[in-house]
Asks: 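Let me begin by handing over the structure; questions about it come next.
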Amino acid sequence: MDPLHNPYAPGAGVRPPQLAGRDSDLDAFRVVLERVGRGLPERSLMIAGLRGVGKTVLLLEFQSLAEQHEWSTAKLEGRTGISLRGGLGRAIHLLLRSLNRRHRLEHRFERLLRILKSFVVTASPSGDFSFKLEVDPEPGSADSGDDEIDLTELLVEVGKAAASVQTGVAIFIDELQDLPHADLGAIVGAFHEISQQQLPVLIVGAGLPHLPQELSESKTYAERLFRYRRVDSLSTPAATEALVVPAQRLGVEFTPAAVGAILEASGGYPYFIQAYGKHTWDVADRSPIDLEDVQLGSVEARRELDVGFFGTRLDRATPKEREYLQAMAELGEEPVGTGAVAAHLGKPAGNLSVARDQLLKKGLIYSPDRGLVAFTVPRFGEFILSR
Ligand SMILES: Nc1ncnc2c1ncn2[C@@H]1O[C@H](COP(=O)(O)OP(=O)(O)O)[C@@H](O)[C@H]1O
Ligand SMILES: [Mg+2]
């Protein structure tokens with residue numbers, strides 16, 4: 001098929017040609033927006049799952065739903081070891097400007113900017129943050145130096161302003177697990193207060209599967225404060241839809257055997273479906289695309305995944321860390337006990353804790369439970385063993 005018209009879209013955060021299997025999520029989020037808009041109680045949302053399952057895409061989809069509801073929104077990404085204030089300050093600045101454009105907040109806008117200035121200046125007294133905020137700080141608001149208190153004060157003011165013009169605001173944070181623990185605690189604490197005051201402020205977070213634990217460890221009540229959505233591989237009907245519908249729109253069919261082979265090869269993981277779909281499309285020369293096309297295309301798809309999806313991640317590991325990953329892969333079924341990894345490598349567990357911690361920090365593995373580790377990338381073990 002003509003590569004020029006290839007509809008498939010493998011890539012981090014790239015909107016798929018067909019967003020399969022998410023209708024109920026989108027419906028539920030619409031209800032949340034409507035309810036919060038009417039001042040009714042609702043919980044914010046946390047999306048958790050492995051890499052490549054479609055968390056970022058879902059987050060962006062929620063953001064555009066909120067925008068369609070005339071909400072003002074902000075999006076940011078957690079980065080390892082980088083504290084929240086600067087990035088969040090900048091995101092809230094954009095959000096406030098949008099809120100003011102839509103609703104003319106008048107004197108309230110100026111006051112919000114001053115509180116925001118207090119919030120960011122407290123983090124960086126020299127004022128070297130990356131956006132212009134030419135107002136004086138508001139003394140006594142969001143400037144205590146305690147992240148939780150300051151974030152709460154800031155968000156409560158933002159929420160009151162939104163409520164005063166009958167709208168809502170939403171903050172979207174991707175890779176939330178990468179934020180320092182203290183920042184997670186501040187976020188949870190602030191949203192606890194937001195929910196108690198029933199203010200129209202939502203947070204939607206996305207992160208690796210251990211995100212719920214991370215949040216609960218920062219504050220025990222996090223468990224009840226948020227709604228958690230675990231995203232995983234797509235069901236067979238959804239995976240079929242993700243593959244078949246984009247081609248159908250262009251008048252191209254797949255034989256049932258070809259569909260079966262791609263579903264099997266991809267395990268229903270969204271990223272893999274896009275990769276296999278793309279390369280199969282490119283090698284096929286007529287419709288329907290058949291099993292032979294899939295077999296040919298798969299070779300190229302696997303090569304691309306090995307380099308782009310798996311390889312770039314493995315490259316981040318040092319030789320010692322790779323040894324650890326190799327042992328995990330050899331032990332097979334995930335998750336594995338850290339003790340079992342040590343035994344497999346014939347080393348005392350203590351000797352391996354540095355490698356393990358680094359792998360956790362780099363987001364290559366996560367701990368689904370005490371004493372257990374698992375890969376954050378689906379089929380990473382298979383990839384390691386195939387090298
Ligand atoms: N619901 C879906 N249906 C089909 N493809 C999807 C879906 N969600 C995501 N994808 C595709 O999967 C890939 C990974 O999506 P992304 O949101 O970056 O995953 P994550 O953030 O979980 O790592 C992208 O190529 C995207 O187009
Ligand atoms: Mg993502």
Side-chain angles (χ1 to χ4, degrees), residues 6-29 45-65 75-80 172-179 204-212 214 228-249 254 259 262-263 265-282 297 300-302 304-305 307-313 316 362-366 374-380 383:
N6 195 322
Y8 299 100
V14 183
R15 194 179 197 289
Q18 175 75 10
L19 187 71
R22 302 286 184 247
D23 288 350
S24 61
D25 293 296
L26 297 176
D27 288 342
F29 194 66
L45 179 63
M46 292 293 161
I47 305 165
L50 299 174
R51 301 203 186 272
V53 295
K55 302 178 297 297
T56 300
V57 161
L58 189 57
L59 195 78
L60 293 173
E61 209 60 30
F62 286 157
Q63 184 178 18
S64 62
L65 265 187
K75 181 182 174 273
L76 64 153
E77 203 169 293
R79 298 256 168 78
T80 315
F172 298 84
I173 310 185
D174 205 356
E175 307 289 356
L176 194 54
Q177 80 285 332
D178 281 345
L179 284 180
V204 182
L208 292 174
H210 62 298
L211 177 62
E214 294 274 323
Y228 290 96
R229 167 75 165 98
R230 173 76 196 239
V231 184
D232 213 327
S233 56
L234 296 172
S235 67
T236 301
T240 306
E241 180 192 328
L243 176 69
V244 167
V245 171
Q248 251 165 15
R249 272 196 219 113
F254 286 84
V259 173
I262 290 189
L263 260 49
S266 67
Y269 284 103
Y271 197 108
F272 299 160
I273 294 174
Q274 300 299 330
Y276 282 97
K278 177 179 169 217
H279 288 286
T280 302
W281 174 283
D282 281 352
E300 207 40 58
R302 254 179 251 121
E304 186 182 297
L305 287 170
V307 176
F309 191 67
F310 297 118
T312 53
R313 301 219 149 77
R316 287 186 219 149
K362 291 179 182 175
L364 285 163
I365 62 172
Y366 71 102
F375 296 118
T376 56
V377 177
R379 305 196 158 170
F380 204 50
F383 163 70

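Just so you know, these numbers use all the heavy atoms, side chains as well, and skip hydrogens, waters and symmetry mates. We count ligands from 1, going down the list as the structure has it; atoms in each ligand are counted the same way.
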Asks: Considering non-hydrogen atoms only, spot the tightest contact between Pro17 and Pro7 and give its length.
Replies: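 Closest heavy-atom pair between Pro17 and Pro7: CG-O, 3.2 Å.
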Asks: Check ligand 1 against Ala12 and write out every atom of the ligand that is under 4.0 Å from a heavy-atom position of the residue.
Replies: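 Counting from 1, the qualifying ligand atoms are 18 (O).
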Asks: Can you list the atoms of ligand 1 that are under 4.0 Å from a heavy atom of Ala242?
Replies: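 Contacts of ligand 1 toward Ala242, numbered from 1: 4 (C).
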Asks: Closer than 4.0 Å to some heavy atom of Arg51 - which atoms of ligand 1 meet that?
Replies: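 Answer, ordered by atom number: 23 (O).
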Asks: Which of the atoms in ligand 1, numbered in the order shown and given with their element, are less than 4.0 Å from a heavy-atom of Ala9?
Replies: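 Ligand 1 atoms under the 4.0 Å threshold to Ala9: 24 (C), 25 (O), 27 (O).
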Asks: Mind checking the CZ-NZ spacing from Arg316 to Lys362? Nearest 0.5 Å is all I need.
Replies: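 That separation rounds to 9.0 Å.
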Asks: Taking a cutoff of less than 4.0 Å between a non-hydrogen atom of the residue and any ligand atom, is Glu241 in contact with ligand 1?
Replies: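 The answer is no, since Glu241 has no heavy atom less than 4.0 Å from ligand 1.
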Asks: Look at the rings of His210 and Tyr366 and say which category their plane angle falls in: under 30° parallel, 30 to 60° tilted, over 60° perpendicular.
Replies: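 Answer is parallel, since the angle falls under 30°.
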Asks: Below 4.0 angstrom from a heavy atom of Gln18, which ligand 1 atoms are there? Numbered from 1 as shown, please.
Replies: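 Near Gln18, the atoms of ligand 1 are 3 (N), 4 (C).
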Asks: Which residue and non-hydrogen atom of the protein lie closest to atom 10 (N) of ligand 1, and at what distance in Å?
Replies: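 Protein heavy atom with the smallest distance to atom 10 (N) of ligand 1: Pro270 CB, 3.5 Å.
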Asks: Counting only heavy atoms, which portion of Pro10 has something under 4.0 Å from ligand 1: side chain, backbone, both, or neither?
Replies: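 Backbone only; the side chain of Pro10 stays clear of ligand 1.
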Asks: Would you mind finding which of Gly268, Ala206, Gly54 brings a heavy atom closest to atom 16 (P) of ligand 1?
Replies: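 Checking each option, the heavy atom nearest atom 16 (P) of ligand 1 is found in Gly54.
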Asks: For residues 235-245, which side-chain donor-acceptor pairs fall under 3.5 Å, sequence neighbours excluded?
Replies:
{"residue": "Ser235", "atom": "OG", "partner": "Ala238", "partner atom": "N", "Å": "3.3"}
{"residue": "Thr240", "atom": "OG1", "partner": "Thr236", "partner atom": "O", "Å": "2.7"}
{"residue": "Glu241", "atom": "OE2", "partner": "Gln18", "partner atom": "NE2", "Å": "2.7"}

Asks: Using the ring of Tyr228 (Phe, Tyr or Trp, six-membered ring only), decide whether Arg230 places NZ or CZ under 6.0 Å from its centre and within 45 degrees of its axis.
Replies: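 No.
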Asks: Return the residue, atom name and 0.1 Å-rounded distance of the protein heavy atom closest to atom 17 (O) of ligand 1.
Replies: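 Sorting protein heavy atoms by distance from atom 17 (O) of ligand 1 puts Val57 N, 2.8 Å first.
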Asks: Measuring from atom 1 (N) of ligand 1, which candidate in Gly21, Ala20, Gly11 has the nearest non-hydrogen atom?
Replies: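 That would be Ala20.
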Asks: Could you list all the salt bridge (Lys or Arg N to Asp or Glu O under 4.0 Å) pairs where at least one residue sits in residues 6-24, not counting sequence neighbours?
Replies: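 Those involving residues 6-24 are Arg15-Glu61.
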Asks: Asp25: which residues meet the salt bridge (charged side-chain N to carboxylate O under 4.0 Å, His left out) condition with it, sequence neighbours left out?
Replies: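 Only Arg229 meet the salt bridge (charged side-chain N to carboxylate O under 4.0 Å, His left out) criterion with Asp25.
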Asks: So which heavy atom on Ala301 is nearest to which on Ala275, and how close?
Replies: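 Residues Ala301 and Ala275, closest heavy atoms: CB-O, 3.8 Å.
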Asks: So for Gly13, does at least one of its heavy atoms come nearer than 4.0 angstrom to any atom of ligand 1?
Replies: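 Judged by the 4.0 Å heavy-atom criterion, Gly13 does count as contacting ligand 1.
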Asks: Side chain of Arg51, backbone of Gly363: donor and acceptor closer than 3.5 Å?
Replies: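 Side chain of Arg51 to backbone of Gly363: a pair is present.
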Asks: Tell me which part of Lys55 gets within contact of ligand 1: side chain, backbone, both or neither, using heavy atoms under 4.0 Å.
Replies: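 The answer is both.
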Asks: What residue among Leu305, Leu50, Val53 forms side chain to side chain contact (heavy atoms under 4.5 Å, CB included) with Tyr271?
Replies: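 For Tyr271, the side chain to side chain contact (heavy atoms under 4.5 Å, CB included) test succeeds with only one of Leu305, Leu50, Val53, which is Leu305.
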Asks: Mind listing the closest non-hydrogen atom pair of Leu211 and Ala206 along with its distance?
Replies: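 Nearest pair, atom of Leu211 first, then Ala206: CD2-C, 4.0 Å.
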Asks: Answer yes if the ring centres of Phe172 and Phe62 are under 6.0 angstrom apart, and no otherwise.
Replies: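 Not under 6.0 Å, so no.
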Asks: Return the closest protein heavy atom for atom 23 (O) of ligand 1 as residue, atom name and distance.
Replies: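 For atom 23 (O) of ligand 1, the nearest protein heavy atom is Gly52 N, 2.7 Å.
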Asks: Should Glu175 and Lys55 count as an ion pair when the cut-off is N to O under 4.0 Å?
Replies: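 No, this pair does not count.
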Asks: Heavy-atom pairs closer than 4.0 Å: do any link ligand 1 to the side chain of Arg22, the backbone, both, or neither?
Replies: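 Side chain only.
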Asks: Does ligand 1 have any atom that is closer than 4.0 Å to a heavy atom of Val14?
Replies: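 Contact check Val14 vs ligand 1: positive.
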Asks: Any idea which of Val231, Thr56, Leu208, Leu60 brings a heavy atom closest to atom 21 (O) of ligand 1?
Replies: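 Going through Val231, Thr56, Leu208, Leu60 one by one, Thr56 has the nearest heavy atom to atom 21 (O) of ligand 1.
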Asks: List-wise, which protein N, O or S atoms are found short of 2.8 Å from the Mg ion (ligand 2)?
Replies: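 Thr56 OG1, with waters left out.
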Asks: Please confirm whether Leu50 approaches ligand 1 to less than 4.0 Å, judged on its heavy atoms.
Replies: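 So Leu50 counts as touching ligand 1.
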Asks: Counting only nitrogen or oxygen atoms and a 3.5 angstrom limit, does Gln274 reach ligand 1?
Replies: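 So ligand 1 has an N or O lying under 3.5 Å from an N or O of Gln274.
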Asks: Which residue supplies the protein heavy atom nearest to atom 14 (C) of ligand 1, what is that atom called, and how far is it?
Replies: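 Protein heavy atom with the smallest distance to atom 14 (C) of ligand 1: Tyr271 CD1, 3.7 Å.
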Asks: Do you know which two heavy atoms are closest between Phe310 and Pro378, and how far apart they sit?
Replies: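 Phe310 and Pro378 have their closest heavy atoms at CE2-O, 3.4 Å.
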Asks: Applying a strict 4.0 Å limit to heavy atoms, is Gly49 in contact with ligand 1?
Replies: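 So Gly49 does not count as touching ligand 1.
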Asks: What closest approach, in Å, do Ala247 and Tyr8 show between heavy atoms, and which atom pair accounts for it?
Replies: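 Closest pair (atom of Ala247, atom of Tyr8, distance): CB-OH, 3.6 Å.
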Asks: Would you say the side chain of Ser266 lies within less than 4.5 Å of the side chain of Gln274, judging by non-hydrogen atoms?
Replies: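 SC-SC contact between Gln274 and Ser266 ruled out.
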